Amino acid sequence: MRNFYSQLVLVPVYLFIVLAISSCRSDLDELTPGSGALIFENFVAIGDGYIAGYSNWGLYEFSQENSLPNLLSQQFSLVREIDFDQPILSGSGTGYNELESLSSSACPDIANTPIFRSIPSSITWNNNVSFLGPFNNKGIPGLKVDQLRDTSLVQTNPFFQRISPNSGNTYLQEAQNIEADLCLVWLGSQEILQFSSFNRFGIDQDFDADEFRLAYTSLMDSMLANSSSSILVANIPPILSFPYFTSISSSYIQEENCITSTLPIYISTLSVDGEKIVRVATEKDHILLPALNEIGKEENGVRVGLSPESPLPDSWVMDETESSTLQSRINVMNSIISAMVSELNADFNRQRLFQVDMSSAFEALEEGITEDGIELNNQYINGGVFSLDGLYFTPRGNAYIANVFIEYVNRSFAASIPLISLADYPAVFFP
Amino acid sequence: MKKYFLILLGLYVPLISFSNGGIELSLFSHRQASMGFAGIAIAHRSSIMYQNPGALAFVYQNHIQFGSGVIAPFTQFRAETPNLYREEMNADAFYSPIYAYGSWRTKNPNFTFGVSLTNPFGYLSSWPEEWKGRFIVQESSIRVYHLQPTISYRINEQWGIGVGVTGSLGSYLLRRALPVSGKDATEGNSELSGRGFNAGLNVGIYYRPSSSVSFGFSYKSAMKLDINDGTASFTVPASLQEAYPTTSFRTSLRLPQNITFGFAYYRPTFTLAMDLSLSDWRQFESQEIIYETETSLIENEVFSRQFTSSFSVRMGGEYILTEKIALRAGWYYNSSPIQDGFLSPEFPDADVVGLSGGIQIPLASKLSMDLSYVYEFSGERTDILLDASFGGTYVSSSNSIGIGINYTL
């Protein structure tokens with residue numbers, strides 16, 4: 001008996017030795033960021049408001065500091081210190097909107113009613129700052145692809161005017177004034193949204209596919225002239241799913257004591273034959289964000305949009321026909337971009353142009369995703385991604401999109417560039 | 001028959017000690033703690049009544065005991081690759097269970113009755129307020145107290161059997177940030193806290209075939225503590241206060257059923273003990289938070305847990321240096337009940353190894369002191385919490401020091 005017990009004691013001794021060795025504690029190793037096969041000394045971003053950092057209906061210091069390419073440059077700097085100069089508009093810049101109040105409802109499933117306050121612009125915002133350049137961030141809000149070679153852009157676009165030293169320069173010429181061995185290009189959204197004035201976006205009626213292709217290709221040619229450059233080309237995201245188009249339901253919801261009833265909304269639009277008519281909005285029509293607090297308002301005894309006498313004007317509606325036109329325009333642009341990238345790459349020994357597909361990042365937002373315990377989706381205000389204009393991103397939204405590019409670069413170049421923590425960036429500020 | 005009256009007051013402050021899966025503490029006496037927490041087969045003091053009700057009938061002396069201690073836990077976190085983010089749990093967080101024992105014999109010396117108050121489950125995770133996982137947890141804790149009246153019967157010279165009815169009181173806390181920012185960029189916050197109660201059964205068997213060896217066996221039933229009226233309070237910007245009212249919530253804490261088997265080997269100058277313990281956490285599939293008031297921004301939550309069974313191997317020894325001084329050492333291994341895909345910073349558990357040591361020294365003729373020290377550590381554990389898409393690598397260790405004072409009546 002004694003021997004058996006003595007031997008039994010040896011079993012746990014052996015177990016202890018094995019387990020103690022196998023679970024030795026060690027301090028967590030440091031990750032060494034690396035750029036893999038991607039070599040860069042400088043980084044330049046080309047595009048429209050999405051690159052410039054437009055947000056909340058304006059361009060201003062805070063929104064520029066949190067712009068998509070600026071966030072990217074901060075992550076790239078963890079691998080190699082790089083500069084990223086932006087044409088910063090100090091303070092309130094062009095002016096922007098913020099939430100003044102939110103009549104948030106205690107009823108489940110009832111949407112908030114936001115009231116906005118506009119912050120006035122800073123007086124000197126459109127002073128020319130070209131002497132501070134050249135800038136790494138070449139994002140120009142409102143820039144369309146077919147304006148890339150336009151010499152009158154300086155007169156028509158104040159964002160371009162303020163960074164351009166010469167009155168006759170084209171965007172293409174400005175884009176070439178800085179060495180760029182890593183470029184990010186994200187253009188084409190303004191072919192859908194015409195940037196006519198602040199706080200209002202119209203739908204651009206004209207589109208010439210050939211002009212689009214020629215202009216885009218000449219931009220690529222000029223970037224490729226620098227033989228060491230690698231160019232990330234982002235295609236057009238599914239813009240029509242952004243909250244500017246989708247946040248207002250096509251029937252009006254009336255709420256009393258948490259019980260809802262719906263009323264039809266009347267819109268002024270064109271019939272199939274091209275005649276002006278007034279009809280009830282269907283699910284295939286999209287009511288645009290500017291109509292948000294206007295529907296149902298009393299005006300001369302009628303409630304706006306709720307009776308045939310007072311239909312919603314055309315500028316607040318994207319009807320079924322318009323939306324299918326725009327959707328096919330997006331598809332055409334994306335196939336042009338895709339074809340252009342392969343054709344141009346064929347001329348080189350190593351791949352120079354890298355197409356980054358933006359659709360899956362936004363499709364994921366339709367369902368909603370969770371990261372680090374934060375839920376992101378494409379809802380207006382509460383979704384975390386889109387700013388108050390329903391089209392451009394919050395800082396957190398820019399971080400989400402920046403991670404799309406970083407993941408692409410890590411995959412394609414076997415790099416290990418650290419991702420951005422979404423928790424580090426705010427979304428909409430609530431009053 | 002003499003009436004023996006035993007009061008054991010163990011005031012214990014072991015802070016986060018992980019055994020049998022992060023939440024189950026097995027610290028019921030400092031003597032046992034310094035022996036790797038082994039000792040279900042040892043009828044040394046009344047403190048055995050919770051571990052093994054059957055052994056209580058074989059405890060002969062009266063003692064008054066109390067103890068306290070300090071634990072310094074340390075969990076490091078590194079975010080999922082590629083990410084440079086690193087953080088640590090707050091070093092100043094600690095946790096201190098309290099317990100007490102009392103037992104007495106009737107005129108019939110074969111029956112011993114006892115009541116114990118113990119703290120068999122608990123944890124505390126306290127992370128910096130601004131850390132990356134703050135929307136999952138900033139502070140979370142569970143504390144469970146068991147009050148157990150126990151009857152132990154000595155069948156004959158070799159066998160003892162006992163049963164206790166365990167009343168369990170549990171408290172729960174979860175504090176985390178909300179991803180809504182106010183004007184000055186301050187973030188929202190939510191706090192859930194509540195208590196629940198239930199009862200269970202604890203049975204034990206003690207067998208001493210000879211003076212040199214003894215065996216112990218215990219079974220503890222599973223318990224589900226329902227928290228029915230917890231408080232959910234939120235701190236949010238003024239415009240969102242209607243959508244985040246203070247309300248109540250329901251949830252449940254599930255405690256596992258447990259079987260433990262052990263033996264002890266006695267020699268004149270030393271004692272060796274070894275325990276094997278199995279806790280069945282498989283009932284714990286998910287934790288639901290059901291809010292009384294749901295609004296457009298408050299929704300019921302389900303945390304998937306999918307716990308599996310965990311086991312613990314414990315071994316320890318005591319060497320009697322002199323009549324009054326004893327040296328103790330031990331080790332243990334606990335497997336974690338948390339499976340891959342479910343590792344949360346709320347309680348970042350892993351398989352752990354612990355090393356312990358301790359000493360008993362005399363203070364006066366009837367007074368002695370137990371000192372115990374336990375060092376526990378885990379290897380790195382890398383996982384992604386699927387529910388929240390929060391991934392990273394954790395590595396933990398903890399130091400516990402305990403002091404117990406024993407007075408022999």
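Just so it is clear, the model here is predicted, and its values are computed rather than measured. Lettering of chains follows the sequences in order, A, B, ..., and the numbering in each one begins at 1.
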statement: Separation between CG (B/Leu178) and CD1 (A/Ile374), nearest 0.5 Å, reads 11.0 Å

message: So does A/Thr370 get a backbone contact from the side chain of B/Ser389, meaning a donor-acceptor N/O pair under 3.5 Å?
response: yes

query: Which bit of B/Arg134 is near chain A, if near means a heavy-atom gap under 4.5 Å: side chain, backbone, both or neither?
result: side chain

- request: Could you tell me which non-hydrogen atom of A/Ala423 sits nearest to which non-hydrogen atom of B/Phe135, and how far apart they are?
  value: CB-CE1, 3.6 Å

message: When you measure from the side chain of B/Ser239 to the backbone of A/Pro431, do you find a donor-acceptor pair of N or O atoms at a distance under 3.5 Å?
response: yes

- prompt: Hey, what do you get for NZ (B/Lys132) to CD (A/Glu371), rounding to the nearest 0.5 Å?
  reply: 6.5 Å

- prompt: Relative to chain A, which of B/Val180, B/Ile136, B/Asn83 shows the most heavy atom pairs under 4.5 Å?
  reply: B/Asn83

- line: Output for pair (A/Asp372 CG, B/Tyr85 OH), nearest 0.5 Å, gives 9.5 Å

- request: State, yes or no, whether a side-chain contact exists between B/Pro82 and A/Asn410 at a heavy-atom distance under 4.5 Å.
  value: yes

message: Please classify the contact of A/Leu78 with chain B as side chain, backbone, both or neither, using a heavy-atom distance under 4.5 Å.
response: side chain

query: What part of A/Glu98 lies closer than 4.5 angstrom to a heavy atom of chain B: side chain, backbone, both or neither?
result: side chain

field: Heavy-atom pair count under 4.5 Å with chain B, highest-scoring of A/Pro33, A/Ser421, A/Pro426
entry: A/Ser421

- line: Applying a strict 4.5 Å limit to non-hydrogen atoms, the region of B/Asp184 in contact with chain A is neither

